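To keep things clear, I will list the structure first and then write my remarks on it.
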Amino acid sequence: MTQDASATDPVLAGFRASIDNIDAALIHMLAERFRITQAVGAYKAEKNLPASDLAREERQIARLRKLAEDAHLDPDFGEKFIRFVIEEVIQHHEQAKAG
């Protein structure tokens, strides 16, 4: 099949449309998550709290690994994903604290 197979293959087109919708939902969910974590970062900066909370991060990772397992998703992938998100959030919190 060619790269444009979805133009002539309605089954493939349907799968790809579903993937596109899920990707859009993921982006919107991440944007909402970051809006909330920006508020958390501003609050932490105002209260002079540390940018990261290692105990919470480890609890979140354990919780999300379990969710991944329950959803039949590789928990290592889930952990890599959430660690990436957490690192980004911490950077934003450090920037909020710096100024």
Side-chain angles (χ1 to χ4, degrees):
M1 292 203 148
T2 66
Q3 287 181 319
D4 296 320
S6 63
T8 58
D9 185 333
V11 173
L12 183 57
F15 288 145
R16 288 182 173 168
S18 293
I19 290 168
D20 291 350
N21 289 338
I22 292 166
D23 288 346
L26 284 170
I27 293 300
H28 287 284
M29 293 297 294
L30 283 170
E32 182 62 19
R33 189 184 196 287
F34 276 94
R35 276 190 284 279
I36 295 166
T37 59
Q38 281 178 332
V40 170
Y43 180 81
K44 284 182 171 185
E46 177 186 316
K47 299 296 182 180
N48 201 31
L49 297 171
S52 66
D53 180 343
L54 294 177
R56 173 164 167 73
E57 291 164 25
E58 290 307 315
R59 286 191 311 272
Q60 284 292 90
I61 288 166
R63 183 178 74 84
L64 293 172
R65 283 186 67 88
K66 174 72 169 105
L67 285 172
E69 287 176 21
D70 292 347
H72 306 288
L73 178 69
D74 179 359
D76 291 336
F77 171 78
E79 181 174 341
K80 286 178 194 174
F81 176 78
I82 199 61
R83 282 192 186 277
F84 174 77
V85 171
I86 289 170
E87 288 170 12
E88 286 293 311
V89 168
I90 290 170
Q91 285 182 1
H92 292 177
H93 290 184
E94 289 170 348
Q95 290 169 353
K97 193 170 191 172

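Keep in mind it's a predicted model, so treat the numbers as computed, not measured.
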(request) Tell me, with the steps shown, if Arg83 and Glu58 meet salt bridge (Lys or Arg N to Asp or Glu O under 4.0 Å). (result) CA-CA 10 Å; Arg83 282 192 186 277; Glu58 290 307 315; 3.6 Å; yes
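- With Lys44 contributing its side chain and Leu49 its backbone, the two residues share no donor-acceptor pair below 3.5 Å.
- Using a 4.0 Å cut-off between a side-chain N of Lys or Arg and a carboxylate O of Asp or Glu, Lys66 and Glu69 do not qualify as a salt bridge.
- Of all heavy-atom pairs spanning Ala96 and Gly41, the tightest one is CB-O, 3.9 Å.
- Rounding to the nearest 0.5 Å gives a distance of 11.0 Å between CD1 of Ile82 and CZ of Phe77.
- Separation of atoms CG (Leu64) and CD1 (Ile86) is listed at 7.5 Å; rounding is to 0.5 Å.
- Between the side chains of Gln60 and Arg63, at least one donor N or O lies within less than 3.5 Å of an accepting N or O.
- Looking at every heavy atom in both residues, Ala68 comes nearest to Asp74 through CB-O, 4.4 Å.
- Contact detail for Pro75 and Arg65: the closest heavy-atom pair is O-NH1, 3.3 Å.
- Glu88 has its side chain out of reach of Val85: every pair of non-hydrogen atoms, C-beta onward, lies at least 4.5 Å apart.
- Expressed to the nearest 0.5 Å, how far CZ of Phe81 lies from CG of Leu73 amounts to 10.0 Å.
- Ala45 and Lys97 make their closest contact through CB-CA, 3.8 Å (heavy atoms, listed as atom of the first residue, atom of the second, distance).
- Here the straight-line distance linking atom CG of Asp9 with atom CZ of Phe15 works out to 9.0 Å at 0.5 Å rounding.
- Atom CZ of Arg59 and atom CG of Asp53 lie 6.0 Å apart (nearest 0.5 Å).
- Distance check, rounded to the nearest 0.5 Å: NZ of Lys80 to CD1 of Ile61 gives 13.5 Å.
- Within the 4.5 Å cutoff, no side-chain heavy atoms of Val89 are placed close to those of Val40.
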